[in-house]
Amino acid sequence: MPDPDVSLLRPYLLTSGRTEPIDRDLEIETQVLTSELGAASHASLSFERRDIVALCTKTMSVAEIAAILGLHIGVARVLVADLAALRYVVVRRPAAGLASDPAMIERIIRRLEAIS
Amino acid sequence: MKPSAEPRTPTPVKIIIAGGFGVGKTTAVASISETTPLRTEAAITTASEDVDRTAHVPDKTTTTVALDFGCITVDDDIKLYLFGTPGQDRFGFMWRDLVLGALGALVIVDTRRMDDCYPAVDYFEKTGLPFVVAVNLFEGRLSHAVEDIRWALAIGDHVPLVTFDARVKVSVRDALLTVLRTTLERVTAR
């Protein structure tokens with residue numbers, strides 16, 4: 001086990017002292033996909049950023065990135081926001097108002113009803 | 001429709017699975033998720049008088065809370081995430097993030113420790129997120145009458161109260177369907 005104090009400080013070190021993502025509202029279910037630019041820049045990236053770019057050749061959520069790479073969720077949000085600002089990844093955030101769209105809710109209901 | 005060969009990034013939607021520790025949140029997510037549920041940790045910064053361990057950030061201490069989640073692909077455009085989280089007041093930071101944009105919530109109750117779900121019930125009442133209270137039948141039977149549970153939790157008649165078994169996929173499905181129908185009723189009544 002790593003020293004717990006080191007572990008606690010790690011998020012701050014990883015994100016260059018920032019504790020808020022560039023876009024502080026980046027939802028943890030936001031979908032992340034590596035761009036062509038990101039794939040081409042892979043070798044020049046540092047560890048965690050490189051890991052994310054390598055991982056997101058298949059679309060996944062910020063929460064999945066955090067779980068798979070063993071990062072605190074807040075750290076994953078910061079790193080993804082950084083990569084998105086650099087256009088190394090593209091993000092698909094939840095659509096505003098989708099949660100109150102009856103047609104969309106009905107689609108999900110039909111899908112769940114099909115589960116047996 | 002766009003050609004199916006084009007790589008698609010689905011729009012994510014989510015339902016929150018809340019309740020006290022050990023109440024069956026992780027089990028419920030595992031029962032219905034189409035992928036192996038994952039766990040991640042969120043760092044929670046709370047005010048603290050214990051400054052010894054975190055001298056660099058006086059008056060704050062960092063704790064972590066586990067977040068279990070899984071997903072269900074609805075279709076090419078929509079992916080439903082299920083986030084299981086302990087409902088604790090002191091985790092308010094993460095709750096705001098989690099709940100924003102959620103379709104609704106399932107609050108799981110263990111009748112042996114009903115107090116554990118109060119923070120979640122309070123939070124969803126306050127924020128107006130549609131939610132359903134689901135009593136997890138650990139022993140396959142109910143130790144209290146449903147209406148007694150409603151009374152004990154002080155939830156209004158507008159909040160559906162169901163029983164389910166977190167270990168059984170179709171039972172979790174039905175509980176989630178109750179959440180979605182509650183949400184649908186809410187949005188169509190506007």
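Since we're looking at a predicted model, the values are computed, not measured. Chain identifiers are assigned alphabetically (A, B, ...) following the order of the sequence lines, protein sequences preceding nucleic acid strands; residue numbering begins at 1 within each chain.
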* Which bit of B:Leu180 comes within less than 4.5 Å of chain A, counting heavy atoms only: side chain, backbone, both or neither? -> both

* State plainly whether the residues A:Arg110 and A:Glu113 are in salt-bridge range, i.e. N to O under 4.0 Å. => no

* To do: Under the side-chain contact (heavy atoms from CB on, under 4.5 Å) rule, what do A:Tyr88 and A:Leu45 come out as? Steps first, then yes or no, please.
  => CA-CA 10 Å; A:Tyr88 289 167; A:Leu45 295 169; 3.3 Å; yes

* Are A:Arg111 and B:Glu34 within salt-bridge range, i.e. N to O under 4.0 Å? -> yes

* Measure distances from B:Val170 to the heavy atoms of chain A and classify the residue's part below 4.5 Å as side chain, backbone, both or neither. => side chain

* Asked: Checking heavy atoms, do the side chain of B:Thr73, its backbone, both or neither come under 4.5 Å from chain A?
  -> backbone

* Asked: Does the side chain of A:Glu27 come under 3.5 Å of the side chain of B:Tyr81 through a donor N or O and an acceptor N or O?
  -> no

* If you count heavy-atom pairs under 4.5 Å with chain A, which of B:Asp174, B:Thr183, B:Leu38, B:Leu184 comes out on top? -> B:Leu184

* Given a strict heavy-atom distance threshold of 4.5 Å, which part of B:Arg181 is in contact with chain A: side chain, backbone, both, or neither? -> both

* Considering only heavy atoms and a distance below 4.5 Å, find which of A:Ser100, A:Ala95, A:Gly70, A:Ala76 pairs most often with chain B. => A:Ser100

* Asked: Rounded to the nearest 0.5 Å, how far does CD1 of B:Ile72 lie from CG of B:Leu80?
  -> 5.0 Å

* Let me know if B:Glu185 has heavy atoms under 4.5 Å from chain A in its side chain, its backbone, both or neither. => neither

* Whether A:Thr30 side chain and A:Leu26 backbone form a donor-acceptor pair below 3.5 Å -> no

* Asked: Donor-acceptor pair, A:Gln31 side chain versus A:Glu29 backbone, under 3.5 Å?
  -> yes

* For A:Ile68, is it the side chain, the backbone, both or neither that has a heavy atom under 4.5 Å from a heavy atom of chain B? -> side chain

* Based on non-hydrogen pairs under 4.5 Å, which of B:Thr11, B:Leu176, B:Leu103 is most in contact with chain A? -> B:Thr11

* Top residue by heavy-atom pair count (under 4.5 Å) with chain B, among A:Ala67, A:Ala114, A:Ser116, A:Gly97? -> A:Ala67

* Checking B:Lys14 side chain against B:Lys79 main chain: does a donor-acceptor pair fall under 3.5 Å? -> no

* Structure fact -> From the list B:Val13, B:Leu177, B:Ile32, B:Thr188, the residue making the most non-hydrogen contacts under 4.5 Å with chain A is B:Leu177

* Select one option (side chain, backbone, both, neither) describing which atoms of B:Asp75 are under 4.5 Å from chain A's heavy atoms. => side chain

